[in-house]
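Shown next, in structure tokens, is the structure this report addresses.
When reading the values below, keep in mind they use all heavy atoms of this one structure, side chains included, and skip hydrogens, waters and symmetry mates. All residue numbers in this chain count up from 1 along the given sequence. Note that ligands are numbered from 1 as they come in the structure, with each ligand's atoms numbered from 1 the same way.
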Amino acid sequence: MTRAAITAVGRYLPPDRLTNKDLESMVDTTDEWIRTRTGIQERRILRDRGKASAFMGTEAGRQALKKRDMDPADLDVIIVATVTPDMFFPSNACQVQAALGATRAWGFDLSAACSGFVFGLCTAASLIESGRYRSVLLIGSDKMSSITDYTDRNTCVLFGDAAAAVLLEPDDSGHGLLDHVLRCDGEGWEALCMLGGGSLRPPSHETLAKKMHFLHQDGRTVYRFAVSAFADVAEEVMMRNGLTSEDVRYFVPHQANRRIIDAAAQRMGLGADQVMVNIHRYGNTTNATIPLCLCDWESELQKGDNIVLAAFGGGYTWGAGYLKWAYDTPAVRPQGAKPALEQKAARLAVNTI
Ligand code: UT7
């Protein structure tokens, strides 16, 4: 059966850092509280007001395509998972398409809060498995600083801005996304939401005065939900595929809270060397967390590695995927530019690399 394999990854990190020390001067908090309760030490902030999630997503996507030596004009589909699109419409996907020069591609934005990347991965995989599309660029991009209230210590310490992208292509050799479990439960919507700005409460003096254009979170409630839901789906995916903890090379969790990650890893019987954690550097970047991990660990990943990814977020939404990694980084990352014909051949040879 044809599967969808990740064949390249890319990322964009804004240069400006917001450290816990910086936050100490903004709200009533301490570096110690943030580190011990969340594991976060710093996060990136996109300070340029003229740039937002479409820009970051474009840069991440551009990097992924460049690593694969793929001409953007060869791209079939662009999916952007985001809760902070530049505008309600047109979609970020359209902006990315134009900025990249992906002249043949169509695309759309996907809204599933922090689970958007995992939902997007399964959607992208289905498009490829259908046989109709051969390349999908999936981007997770969020400018969380645009919806964060920097006077609210409950939320402002948690989030950061970033984008990361993966390129998906067909694979007939047993690699790629092999299974997934996706869930949502709208009963939990109030615990994590942004109340204002939508069609129910269009922007008004009242929505501004009530700070409805900022993200609202009942942290404790989300925490309780996340601790069990997150590990449930990851374990379900492992069980369904006969994976023991020893079989898993890496668990790639959504990076919302170090304690939630550790609790899930413990339940799954995983050691620290099997869990990707970079929350201390970037905070919670919502749709970018999982692909950012893949970027950070790309050089360590080997063809055939079993990877379990899992996310949870507002909605509630949650889900997990089982991925067999499709490439060894040095093998498909030769130094220097390749001649055009060789590039095309490398693209077509994805299944045999
Ligand atoms: O990706 C989206 C999904 N979201 C999540 O996964 C978030 C899940 N929730 C969490 O990660 C945690 O609940 C938080 C990190 C948000 C909060 O940690 P907590 O251990 O659950 O703390 P809490 O909300 O129960 O608050 C404990 C105390 C409170 O003070 P009182 O009422 O005990 O006096 C808070 O006001 O900590 C206080 N507090 C802070 N203190 C210093 C809350 N935020 C801060 C802060 N600095 N930044």
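- Under the 4.0 angstrom criterion, atom 31 (P) of ligand 1 counts as lacking any protein heavy-atom contact.
- Using a 4.5 Å cut-off between side-chain heavy atoms of Ile, Leu, Val, Met, Phe, Trp and Tyr, with links allowed through other members, L309 and V181 fall into different hydrophobic clusters.
- Applying the 4.0 Å criterion to heavy atoms of Q217 picks out, from ligand 1, the atoms 3 (C), 4 (N), 5 (C), 7 (C).
- Counting non-hydrogen atoms of neighbouring residues, nucleotides and ligands closer than 6.0 angstrom, the CZ atom of R258 reaches no more than 12 such neighbours.
- The pair D296-R11 counts as a salt bridge, with a side-chain nitrogen and a carboxylate oxygen less than 4.0 angstrom apart.
- Between R37 and E32, no side-chain nitrogen of the basic residue sits less than 4.0 Å from a carboxylate oxygen of the acidic one, so the salt-bridge criterion is not met.
- Taking every heavy atom of L192 and a limit of under 4.0 angstrom, the matching atoms of ligand 1 come to 2 (C), 3 (C).
- Under a 4.0 Å criterion applied to the non-hydrogen atoms of C114, ligand 1 contributes the atoms 1 (O), 2 (C).
- Listed by atom number, the atoms of ligand 1 under 4.0 Å from H254 heavy atoms are 1 (O).
- Summary of contacts: the protein heavy atom closest to atom 35 (C) of ligand 1 is R153 NH2, 3.8 Å.
- The protein reaches atom 3 (C) of ligand 1 closely, with a heavy atom under 4.0 angstrom from it.
- The proximity of N284 to ligand 1, defined as any non-hydrogen pair under 4.0 Å, is limited to the side chain.
- In this structure, atom 25 (O) of ligand 1 lies nearest to the protein heavy atom R220 NE, 3.0 Å.
- For the pair G219 and ligand 1, the shortest N or O to N or O distance falls below 3.5 Å.
- Among I147, V83, T82, the one residue that satisfies the side chain to side chain contact (heavy atoms under 4.5 Å, CB included) test with T286 is V83.
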Donor-acceptor pairs under 3.5 angstrom involving side-chain atoms of residues 224-233: please list them, not counting sequence neighbours.
unit_1: S228; atom_1: OG; unit_2: F225; atom_2: O; d: 3.4
unit_1: D232; atom_1: OD1; unit_2: R267; atom_2: NH1; d: 3.4
unit_1: D232; atom_1: OD1; unit_2: R267; atom_2: NH2; d: 2.6

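- Ligand 1 places these atoms under 4.0 Å from at least one heavy atom of V157: 48 (N).
- Of all the heavy atoms of A226, none lies under 4.0 Å from any atom of ligand 1, so neither backbone nor side chain is involved.
- The residue T286 has no part lying near ligand 1, judged by heavy-atom distances below 4.0 Å.
- Looking from atom 22 (O) of ligand 1 to the surrounding protein, the closest heavy atom is R37 NH1, 3.5 Å.
- Comparing F225, W318, F312, Y223 against atom 6 (O) of ligand 1, the shortest heavy-atom distance belongs to F312.
- The distance criterion of under 3.5 Å between nitrogen or oxygen atoms is not met by T30 with respect to ligand 1.
- Here E42 does not pair with K21 in a salt bridge; the nearest charged N to carboxylate O distance is not below 4.0 Å.
- The nearest protein atom to atom 18 (O) of ligand 1, hydrogens excluded, is given as R259 NH2, 3.6 Å; this is a heavy-atom distance.
- Looking only at atom types and distance, the side chain of D172 has a donor-acceptor partner in the side chain of T2 under 3.5 Å away.
- Protein heavy atom in closest approach to atom 17 (C) of ligand 1: W33 CH2, 3.9 Å.
- The ligand atoms of ligand 1 that sit less than 4.0 angstrom from a heavy atom of N154 are 43 (C), 44 (N).
- Only the side chain of N257 comes within contact range of ligand 1, with a heavy atom under 4.0 Å; no backbone atom does.
- A donor-acceptor pair shorter than 3.5 Å can be found between the side chains of Y250 and E300.
- Against a heavy-atom cut-off of under 4.0 Å, A256 is close to the following atoms of ligand 1: 1 (O), 5 (C), 6 (O).
- Judged by distance alone, the side chains of Y223 and N257 never bring a donor and an acceptor atom under 3.5 Å apart.
- The contact set between ligand 1 and T29, taken as ligand atoms under 4.0 Å from a residue heavy atom, comprises 42 (C), 46 (C), 47 (N), 48 (N).
- I261 and P253 make their closest contact through CG2-CG, 3.6 Å (heavy atoms, listed as atom of the first residue, atom of the second, distance).
- Using a 4.0 Å cut-off between charged side-chain N and carboxylate O, D161 and K143 make no salt bridge.
- Considering every non-hydrogen atom in both N278 and Q255, the closest pair reads N-OE1, 3.0 Å.
- At least one heavy atom of T38 sits less than 4.0 Å from an atom of ligand 1.
- Residues Y12, F55, M56 make up the rest of the hydrophobic cluster containing L46, defined by ILVMFWY side-chain heavy atoms closer than 4.5 Å, directly or through other members.
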